[in-house]
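Below is one structure, written out as structure tokens; comments come after it.
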Amino acid sequence: MFPDGELARISTVLKAMEDAGFETLDVENLRPHYGLTLRHWIHNLEIAKHDAIRTTSKATYRLWRLYMAACAYHFDSGSNAVYQILAGLRGNPKPTPLRRSDLYTGTEARTIRNSEKNWGTQQT
């Protein structure tokens with residue numbers, strides 16, 4: 001799908017950011033969420049199968065479905081990961097929450113958690 005595409009290691013990214021004068025404020029591994037996200041994308045693609053094939057081709061549809069399914073498998077198994085990094089310029093402090101739990105409060109967080117809980121029960 002992406003010739004010569006490769007995910008950079010988190011250690012490589014963090015070192016490059018620090019070398020460029022950034023301070024790492026938070027790192028979150030989104031791997032557990034990404035398998036779920038990919039399964040949602042696959043579900044949406046399957047719903048729009050006829051439109052997708054009409055717009056591209058059956059081969060392209062099958063290739064993207066297989067690619068996303070394989071990616072979901074690898075994220076679920078732990079062989080792939082994706083991270084969200086919060087950084088700021090060193091010496092230029094930004095207001096950030098003291099705890100990650102402060103980021104995940106309120107209606108949006110509850111909606112996301114409920115969606116994740118319910119997803120596993122809807123699969124067949």
Side-chain angles (χ1 to χ4, degrees):
M1 299 300 291
F2 302 101
D4 299 321
E6 184 178 334
L7 296 174
R9 294 182 179 273
I10 186 69
S11 57
T12 303
V13 173
L14 291 171
K15 180 168 181 352
M17 292 173 68
E18 289 176 3
D19 291 348
F22 288 94
E23 174 187 9
T24 302
L25 303 172
D26 187 64
V27 178
E28 183 176 9
N29 184 348
L30 299 176
R31 183 191 62 74
H33 306 276
Y34 220 71
L36 176 67
T37 298
L38 282 157
R39 285 191 298 280
H40 281 289
W41 289 347
I42 293 166
H43 177 74
N44 289 339
L45 180 61
E46 290 170 343
I47 289 171
K49 177 180 180 176
H50 298 295
D51 289 337
I53 290 171
R54 186 173 53 250
T55 304
T56 59
S57 69
K58 188 172 186 176
T60 299
Y61 166 82
R62 292 176 67 200
L63 187 64
W64 274 102
R65 192 186 178 294
L66 177 62
Y67 172 75
M68 289 191 292
C71 286
Y73 170 81
H74 286 286
F75 279 104
D76 289 343
S77 71
S79 58
N80 279 354
V82 63
Y83 297 89
Q84 176 174 280
I85 302 169
L86 177 62
L89 288 175
R90 193 176 300 120
N92 187 13
K94 300 288 183 209
T96 56
L98 294 176
R99 298 181 315 257
R100 184 171 290 149
S101 62
D102 294 335
L103 297 171
Y104 300 109
T105 57
T107 305
E108 268 185 46
R110 281 191 297 279
T111 301
I112 291 168
R113 284 193 299 272
N114 288 337
S115 172
E116 290 172 350
K117 277 193 285 189
N118 293 334
W119 173 254
T121 60
Q122 295 173 358
Q123 288 182 316
T124 56

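Side-chain atoms are counted along with the backbone in the values below, which use heavy atoms only and exclude waters and symmetry mates.
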Discussion item. Tell me whether L66 shares a hydrophobic cluster with Y34, the cluster being built from Ile, Leu, Val, Met, Phe, Trp, Tyr side chains joined at under 4.5 Å.
Written reply: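 No; Y34 is not reachable from L66 via cluster members.
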Worksheet item: Given the rule that I, L, V, M, F, W and Y join up when any side-chain heavy atoms are under 4.5 Å apart, are M68 and Y73 in one cluster?
Response: no
Discussion item. Return the CD1 to NE2 distance between I47 and H43, rounded to the nearest 0.5 Å.
Written reply: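 Between I47 CD1 and H43 NE2, I get 3.5 Å after rounding to 0.5 Å.
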Worksheet entry | Value rounded to 0.5 Å, distance of CZ in R90 from OG1 in T24 |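 One finds 8.5 Å between CZ of R90 and OG1 of T24.
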side-chain hydrogen bond (donor to acceptor under 3.5 Å, both in side chains) partners for [X], two or more places apart:
X: D26; answer: R100
X: R54; answer: D51
X: E18; answer: none

Fill in: Chi angles and distances behind the side-chain contact (heavy atoms from CB on, under 4.5 Å) call for I42, R65
CA-CA 6 Å; I42 293 166; R65 192 186 178 294; 4.1 Å; yes
Nearest heavy-atom pair of [X] and [Y]: which atoms, and what distance?
X: A8; Y: V13; value: CB-CG2, 3.8 Å
X: V82; Y: N29; value: O-OD1, 3.5 Å
X: L25; Y: A87; value: CD1-C, 4.0 Å
X: A72; Y: G35; value: CB-O, 4.1 Å

Item to complete: Take I85 and I10 through the test side-chain contact (heavy atoms from CB on, under 4.5 Å) and record every step on the way to the result.
Response: CA-CA 9 Å; I85 302 169; I10 186 69; 3.6 Å; yes
Discussion item. Within the 4.5 Å heavy-atom criterion, are Y61 and E46 side-chain neighbours or not?
Written reply: yes
Discussion item. Measuring only between side-chain heavy atoms, which start at C-beta, is Q84 closer than 4.5 Å to L86?
Written reply: no
Item to complete: Start with the C-alpha gap between T60 and W64, add the side-chain angles, then the distance that decides, and say whether side-chain contact (heavy atoms from CB on, under 4.5 Å) holds.
Response: CA-CA 6 Å; T60 299; W64 274 102; 3.7 Å; yes
Worksheet entry | Exam field: side chain R31 to backbone F75, donor-acceptor pair closer than 3.5 Å | yes
Fill in: Chi angles and distances behind the side-chain contact (heavy atoms from CB on, under 4.5 Å) call for L89, F22
CA-CA 4 Å; L89 288 175; F22 288 94; 3.7 Å; yes
